[in-house]
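All remarks here apply to the structure that follows.
Numbered from 1 within each chain, the chains take letters A, B, ... in sequence-line order.
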There are 2 protein chains.
Amino acid sequence: MDDLETRELRYFVAVAEELHFGRAADRLGIAQPPLSRAIRRLERRLGVRLLDRDRRGVALTDAGGVLLREARAALDAVAAAARRTRRAGDPKRPLVLVTKAGASHELLRRLLDALAGEPGAAPVEVLLCEVGEQARLLRDGHADAALMHRPFDDLAGFDTEDILAEGQVALLPAAHPLASRSRLTMADVRDVPDLPIARWPRLDGSYPDGPGPEVRTQSQLAQLVALGRALLVIPASSRAWQWPDHVAVPVVDAPEVTTVVAWPPGSRSQEVAALVRTAAGLRAAFAREAHHPAAGGDGPGGLRILGPMTSAPERTDGRA
Amino acid sequence: MDDLETRELRYFVAVAEELHFGRAADRLGIAQPPLSRAIRRLERRLGVRLLDRDRRGVALTDAGGVLLREARAALDAVAAAARRTRRAGDPKRPLVLVTKAGASHELLRRLLDALAGEPGAAPVEVLLCEVGEQARLLRDGHADAALMHRPFDDLAGFDTEDILAEGQVALLPAAHPLASRSRLTMADVRDVPDLPIARWPRLDGSYPDGPGPEVRTQSQLAQLVALGRALLVIPASSRAWQWPDHVAVPVVDAPEVTTVVAWPPGSRSQEVAALVRTAAGLRAAFAREAHHPAAGGDGPGGLRILGPMTSAPERTDGRA
DNA sequence: CTGTCCGATACCCGGCGGGTATCACAGCGT
DNA sequence: ACGCTGTGATACCCGCCGGGTATCGGACAG
């Protein structure tokens with residue numbers, strides 16, 4: 001029938017996240033009664049119970065869970081519409097490229113250099129974010145394109161182009177016994193008693209089990225590593241954010257990580273297309289200077305240059 | 001700042017599509033002055049001119065074009081939120097699978113049989129639509145999954161799984177000189193004087209140049225073919241919608257068509273996952289009964305069974 | 001039993017969305 | 001030249017709905 005207003009969706013998301021009408025109303029800057037009324041009307045309009053208000057607390061129903069996910073996506077889309085329109089009206093709009101802080105440092109540097117070198121290219125602004133934030137920033141219009149990493153990031157819903165694949169390395173204090181090894185396996189680094197692997201949140205926000213500390217931000221992680229309290233397995237190119245007294249040792253059987261450039265589907269923007277083309281061009285540049293004779297034939301920890309294949313959003317689980 | 005309301009987006013889309021305030025207001029069921037006011041406020045809020053109202057007519061600015069595209073996507077997302085929530089609250093919700101009428105007939109039949117045979121599977125409802133409609137129906141929540149065809153359909157923004165690849169055939173009146181050939185090439189069928197190839201709209205809605213009639217719906221096409229007024233190059237499996245006195249001749253160099261099952265990214269639904277799994281299982285079933293020893297080795301016009309690869313939304317141009 | 005916590009209800013008010021009437025202006029026909 | 005017509009903008013009014021305050025009702029805790 002009549003469709004929902006964004007205000008109602010915002011209200012519902014607030015309640016669904018807080019599971020508490022009072023706090024949600026507070027967060028929204030309105031009083032509690034209008035909020036209750038709005039949610040009630042929303043339920044009546046949809047003909048579905050969204051919340052179980054049982055004594056002492058509010059819980060999401062199945063339908064409520066669906067609406068929470070869908071409403072977030074819809075609100076992102078609305079916000080994206082506003083942001084992209086504003087920026088389209090700005091004559092000297094810079095292109096915003098978002099990437100995880102510290103990842104793909106060398107690629108990013110080369111990409112920016114290449115773009116600066118192109119004659120008619122739009123200026124590019126780099127937005128550094130925390131792990132897993134790229135998808136939202138791309139979806140809600142804060143960014144025009146992103147560097148993301150398969151299989152870590154959620155690429156669902158974007159168009160992507162693979163740029164380069166690489167192995168992973170373990171980052172160890174130089175004094176650690178394992179630091180002298182020339183290669184390691186996952187079995188070697190899992191369950192090292194004094195150096196547990198830090199645990200990242202999965203895509204749904206929960207943490208996997210394990211002995212390591214729970215980590216959500218890059219800075220938390222940096223400090224843990226600097227303190228010698230955590231072991232890290234990261235893509236080889238992330239050696240860029242280097243600690244002086246740590247060494248990187250290739251982990252031969254760690255999953256390969258592919259850096260991809262991603263952009264919102266259906267983006268007909270000339271500027272985004274140019275950026276993607278330039279990034280794809282770097283694939284060849286990396287291939288030239290990596291003087292390994294056969295692509296894909298170099299050892300783990302090195303870069304594997306991808307052929308000109310087109311690829312490939314796919315669903316992934318979090319980095320477990 | 002303050003974000004847009006869906007009503008404002010609906011209003012803008014109506015005006016942008018009609019390029020006429022009066023007609024747009026009529027379509028929206030409101031009077032013209034409030035509509036003018038709403039658009040004006042929208043422009044003021046965004047700080048961007050969306051429409052050039054020069055005397056005698058309205059035109060979209062660049063920013064207006066961006067907003068039109070983004071607003072459609074956002075409205076689809078909002079509509080999808082409402083529909084999916086309603087259906088999630090329905091205890092006996094059927095799964096809606098959308099596909100082009102007439103395409104992949106045999107696959108569809110087998111898929112439905114397989115799903116009916118599964119013990120705990122949800123009932124499936126099939127929604128048949130016109131060419132190019134699947135993406136919208138999937139995006140706005142009318143459907144839970146779709147059978148689509150690469151490279152014809154726009155797969156951007158969906159998760160997909162390839163099911164089978166096949167060649168294309170030319171559909172000819174039995175009496176036609178070319179009908180006796182056992183194989184044809186695109187050069188043979190292009191520019192046949194008495195049988196021009198029908199022209200489909202591209203993804204952007206425009207038509208390619210050429211001598212053939214412009215066609216938008218399956219029924220238009222069916223009539224043209226039945227009248228012997230148009231030549232058709234279609235996937236081999238679409239022979240299902242057969243005309244009694246037409247024959248299908250393989251076109252060896254026509255692009256291969258891949259039937260994929262697509263679903264909205266991030267769909268955590270158990271039922272959709274089961275459908276995709278069943279569809280992927282059919283890939284193996286097709287492989288078994290097609291007693292060609294080597295996959296991919298059979299002649300053009302036949303089916304090529306895909307290996308268990310994971311793939312691959314990619315941007316495509318329309319069927320030109 | 002009573003205090004407290006929390007969502008629901010009752011009721012009021014102001015602003016905004018929507019309506020009608022009208023204006024301003026550009027083509028255009030005669 | 002002059003109205004006619006078609007278009008979007010302006011002026012102004014009204015009713016509804018979003019938001020506020022006050023209060024209720026039920027469920028624990030003690």
Side-chain angles (χ1 to χ4, degrees), chain A residues 1-61 63-64 67-68 71 74-75 78 82, chain B residues 1-61 63-65 67-68 71 75 78 82:
Chain A
M1 308 282 167
D2 42 7
D3 37 16
L4 314 179
E5 288 299 324
T6 62
R7 185 171 9 86
E8 307 181 278
L9 294 179
R10 271 205 321 279
Y11 287 5
F12 174 74
V13 169
V15 174
E17 285 179 353
E18 300 283 348
L19 292 177
H20 189 289
F21 279 76
R23 281 195 299 273
D26 202 33
R27 197 174 102 183
L28 293 166
I30 65 172
Q32 169 258 321
L35 180 58
S36 286
R37 204 176 46 180
I39 299 295
R40 223 155 236 304
R41 186 182 46 230
L42 186 60
E43 286 181 314
R44 198 164 39 76
R45 282 232 234 123
L46 290 172
V48 172
R49 287 189 55 85
L50 301 170
L51 299 168
D52 276 330
R53 295 90 148 161
D54 114 305
R55 38 192 138 286
R56 219 72 170 188
V58 176
L60 279 176
T61 64
L67 183 57
L68 178 56
L75 290 175
V78 171
Chain B
M1 312 288 159
D2 43 7
D3 38 16
L4 314 178
E5 287 298 324
T6 62
R7 185 172 8 87
E8 306 181 277
L9 294 179
R10 271 204 320 279
Y11 286 5
F12 174 75
V13 169
V15 174
E17 285 179 354
E18 301 283 349
L19 291 178
H20 189 288
F21 279 76
R23 281 194 299 274
D26 202 34
R27 198 174 100 182
L28 292 166
I30 65 172
Q32 169 259 319
L35 180 57
S36 287
R37 203 176 47 180
I39 300 295
R40 228 157 229 304
R41 186 183 46 229
L42 186 59
E43 286 181 316
R44 197 163 40 75
R45 283 232 232 121
L46 290 172
V48 172
R49 287 189 54 85
L50 301 170
L51 299 168
D52 277 328
R53 297 93 147 155
D54 103 312
R55 302 282 166 220
R56 218 72 174 182
V58 176
L60 279 178
T61 63
L67 183 58
L68 177 56
L75 290 174
V78 171

Carefully, step by step, assess Thr6(A) and Leu75(A) under the rule side chain to side chain contact (heavy atoms under 4.5 Å, CB included). CA-CA 7 Å; Thr6(A) 62; Leu75(A) 290 175; 4.1 Å; yes
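- Residues meeting the salt bridge (Lys or Arg N to Asp or Glu O under 4.0 Å) test with Asp52(A), sequence neighbours left out: Arg49(A).
- When all heavy atoms are compared, the tightest approach of Ala31(B) to Pro34(B) is O-CD, 3.4 Å.
- Distance Ile30(B) CD1 to dT20(C) P: 12 Å, rounded to the nearest Å.
- Annotation: salt bridge (charged side-chain N to carboxylate O under 4.0 Å, His left out) contacts involving residues 35-44 of chain B, sequence neighbours excluded, comprise Glu8(B)-Arg41(B), Glu43(B)-Arg53(B).
- In this structure, CD of Glu5(B) is placed 15 Å from P of dC17(D), rounded to the nearest angstrom.
- Per the geometry, CD belonging to Gln32(A) stands 12 Å off P belonging to dT21(D), to the nearest Å.
- Checked options Leu50(B), Leu9(B), Leu60(B); the residue passing with Leu68(B) is Leu60(B) (criterion: side-chain contact (heavy atoms from CB on, under 4.5 Å)).
- Remark: Arg53(A) is not in phosphate contact with dC6(C), judged by side-chain N or O atoms under 4.0 Å from OP1 or OP2.
- Comparing dG19(D), dG17(C), dG20(D) by their closest approach to the side chain of Arg7(B) singles out dG17(C).
- In this structure, Leu67(A) and Leu46(A) approach most closely via the heavy-atom pair CD2-CD1, 4.1 Å.
- By the side-chain hydrogen bond (donor to acceptor under 3.5 Å, both in side chains) test, Ser36(A) pairs with Gln32(A), sequence neighbours left out.
- Contacts between residues 33-44 of chain B and DNA chain C, defined by a heavy-atom separation below 4.0 Å, involve Pro33(B), Pro34(B), Arg37(B), Arg41(B), listed by number.
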Side-chain donor-acceptor pairs under 3.5 Å in residues 10-22 of chain B, sequence neighbours left out?
from     : atom 1 : to       : atom 2 : distance (Å)
Arg10(B) : NH1    : Asp3(A)  : OD1    : 2.8
Arg10(B) : NH1    : Asp3(A)  : OD2    : 3.3
Glu17(B) : OE1    : Arg27(B) : NH1    : 3.1
Glu17(B) : OE1    : Arg27(B) : NH2    : 2.8
Glu17(B) : OE2    : Arg72(B) : NE     : 3.3
Glu17(B) : OE2    : Arg72(B) : NH2    : 2.9
Glu18(B) : OE2    : Arg27(B) : NH1    : 3.1
His20(B) : ND1    : Gly22(B) : N      : 3.1
His20(B) : ND1    : Arg23(B) : N      : 3.0

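- Of the residues in residues 9-29 of chain A, His20(A), Phe21(A), Gly22(A) come within less than 4.0 Å of DNA chain C through at least one heavy atom, sorted by number.
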